[in-house]
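Pasting a structure here, questions to come.
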Amino acid sequence: MDALERRIAAPVLVIGTGGAGLRAAIELAERGVGVLAVGKRLKTDAHTTLAAGGINAALATMDPQDTWYAGCRPIQAD
């Protein structure tokens, strides 16, 4: 095996680390199932991470001082 390669074994492989993939991995882990989740993007650049503001707004779990439109900016016409 190459020095850059590493073998990892798990009973379940979840492909995709968006909201659904991570939720599936969490559920399996909580039930005692070994799980490996793989995604193609860095965790700080994942679409679900970037959409957290919208998710928080939909779930009403954001800071009471914040608003759903705080990050919105009007589009300027040229």
Side-chain angles (χ1 to χ4, degrees):
M1 187 172 353
D2 189 311
L4 297 176
E5 294 179 4
R6 191 171 102 193
R7 289 182 189 226
I8 301 173
V12 176
L13 172 64
V14 175
I15 300 174
T17 53
L22 289 178
R23 183 65 205 124
I26 290 167
E27 186 67 29
L28 290 164
E30 287 178 346
R31 293 173 184 238
V33 177
V35 62
L36 174 64
V38 254
K40 64 183 176 183
R41 302 178 72 101
L42 298 172
K43 65 180 176 181
T44 57
D45 190 34
H47 290 102
T48 302
T49 301
L50 298 172
I55 292 169
N56 289 337
L59 297 176
T61 57
M62 54 190 206
D63 186 320
Q65 300 279 329
D66 199 1
T67 63
W68 63 268
Y69 51 84
C72 297
R73 302 282 184 263
I75 298 173
Q76 299 291 328
D78 291 331

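Fair warning: this is a prediction, and the values are worked out from it, not measured in the lab.
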query: So which heavy atom on T17 is nearest to which on V38, and how close?
result: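 Looking at all heavy atoms of both residues, the closest pair is CG2-C, 3.6 Å.
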query: Which pair of heavy atoms, one from G34 and one from P11, lies closest together, and at what distance?
result: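 Residues G34 and P11, closest heavy atoms: O-CD, 3.3 Å.
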- request: Give the minimum heavy-atom separation between A25 and V35, together with the two atoms involved.
  value: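 Looking at all heavy atoms of both residues, the shortest contact is O-CG1, 3.6 Å.
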query: Under 4.5 Å between side-chain heavy atoms, hopping through other hydrophobics if needed: is there a path connecting I15 to I8?
result: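 Shared cluster, yes.
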